[in-house]
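Working notes for the structure below.
Just so you know, these numbers come straight off a predicted model, no measurement behind them. Reminder, nothing fancy here: chain letters follow the sequence lines and each chain counts from 1. Reckoned from all heavy atoms, side chains included, excluding hydrogens, waters and symmetry mates.
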Protein chains: 2
Amino acid sequence: MTNSTMDDIDLRILNCLLERADLPHKEIGQRVHLTGQAVGARVRKLQELGVIEGYTIRWNPDKIGLSVHAFVTVFMTSNHAHQTFQSFVQHKEQIVELHRVGGEGCYWMRVRVGTQAELTALLDELLQYGNYKVSLSIGQMK
Amino acid sequence: MTNSTMDDIDLRILNCLLERADLPHKEIGQRVHLTGQAVGARVRKLQELGVIEGYTIRWNPDKIGLSVHAFVTVFMTSNHAHQTFQSFVQHKEQIVELHRVGGEGCYWMRVRVGTQAELTALLDELLQYGNYKVSLSIGQMK
DNA sequence: TAAATTCCTTTCATTGTGAAAGTATACAGC
DNA sequence: GCTGTATACTTTCACAATGAAAGGAATTTA
C-alpha cells in the first residue's frame, strides 16, 4: 500500500457501499468511472486502512418480534462496578450497543426487546449498578 | 413463497450475515448443514419478508476525521416546528440517526462531526427548534 | 393410497472477483 | 533532458459465487 490517504473517489465508493454493499464492483465502477477491478483494489485498500471494517446487513428487528426499542442512560452509583457492569452488558444480547459517555450519565445503551415486561426485567437488573433514564423510540426518521 | 414464518435456521443465517455478510452462502451452509443454494433461497425469502432490508458495510468514521460522536436529546419548544425540524435534520448529513422518542425529550439523534466547533455550530442551529442535552461518546464497548 | 406441497440437492449457465501482465502518467535524481 | 521508479489504472484470464431449473425425499391433505 502506497498512498495512505483517501481521495474523493474513495469517498464515493464508500457511500455506494453504505447504501448497497451488494452492488457489483463493475456497477460502482460505472458511477465513478473506473473498471470493476480498480474498484476492487480500492475497496481492499480501504479495508487495510481500517476505514471499512466489514460487511453486514441492514435488517428489521421488528419483524422478528423485537418491537421495543429503548435508549437507556445509566448513572453508576459506585466507582468500582464498571468491570462487572461491562461484563454484565456483554452477555446480555438485548443490549445491542454500549458507549461510555461524558455529559448526561456514565453509559449510554441501545436496547432491543420483544415486550415491555422484558424491558422492565432488564432495568431491574440494571439497578444493581446504578440508576437510569429511559426513552422509547416511537419512530425512526433517519 | 410459502411458509412466511422464520425457523431456527433462518435465525442462524441472519446472525451469520450480521457478523459477516460477505461470507459465501456455501460457507454459511456448512455451519447450518445446508447447501449454498438452499441458503441463497432462504436469504431471498428473508428479503421478501422484509427481515433483511439490504447489505451495508461496517466502517470507522474516525478514520476519515469524524472523531466527534455525540448523542443529542432535543426538547421542542413549539408544537408547530416538527415539520421544519424534520426537514432540517434530513439535509444535515452530520445527523446520522433520528428518532421520535417518548420519555426524555421529543427527539433523540446521533451526530458525527470532525470537531467540537462543528458540533457547537450544529447545536446553535438546533436552538431555533428547542433545547437539547448532549452526551459525547468517549468509547464504544459494544 | 394418491395427489399435492414443501424444502431440499444436484446440475448447469451466468456473473462477479482477484491475480497477473501490460500501459500511461508523474516524479526524482543524475 | 533523459532515465529509473512508483503509482494507479486497464485488459486478460482463471476461478469462485450465484441463481435458475429439474429431480427427489418427506410431510400433509383428501
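In this structure the side chain of Leu122(B) reaches within 4.5 angstrom of the side chain of Lys92(B), judged on heavy atoms.
A close approach under 4.0 Å does occur between a side-chain nitrogen or oxygen of Thr35(B) and OP1 or OP2 of dT9(C).
Under a 3.5 Å cut-off, the side chain of Lys142(A) and the backbone N or O of Ile95(B) do form a donor-acceptor pair. A distance-only check finds no donor-acceptor pair linking the side chain of Glu27(B) to the backbone of Leu23(B) [under 3.5 Å].
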query = Which is it for Arg42(A) and Leu34(A) under the side-chain contact (heavy atoms from CB on, under 4.5 Å) test, yes or no, and what are the steps along the way?
reply = CA-CA 10 Å; Arg42(A) 278 171 178 266; Leu34(A) 248 57; 3.6 Å; yes

request  = Might you work through the side-chain contact (heavy atoms from CB on, under 4.5 Å) test for Thr73(A) and Thr73(B), ending with a clear yes or no?
outcome  = CA-CA 11 Å; Thr73(A) 304; Thr73(B) 304; over 6 Å; no

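The distance from atom CG of Asp7(A) to atom P of dA26(C) is 15 Å, rounded to the nearest whole Å. Per the geometry, CG belonging to Leu34(B) stands 14 Å off P belonging to dT18(D), to the nearest Å. Rounded to an integer number of Å, the gap from CG of Asp10(A) to P of dT7(D) is 15 Å. Look at CD1 on Ile9(B): it is 17 Å from P on dT6(C), rounded to the nearest Å.
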ask   = How does protein reach along nucleotides 13-25 of chain C, written 5' to 3' as B (base within reach of a heavy atom under 4.0 Å), S (only sugar-phosphate), or - (no contact)?
value = ---SSBB------

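Between Phe85(B) and Tyr107(B), the ring centre distance stays below 6.0 Å.
Taking the side chain of Arg42(B) as heavy atoms from C-beta on, and the options dC8(C), dT11(D), dA8(D), the nearest nucleotide is dC8(C).
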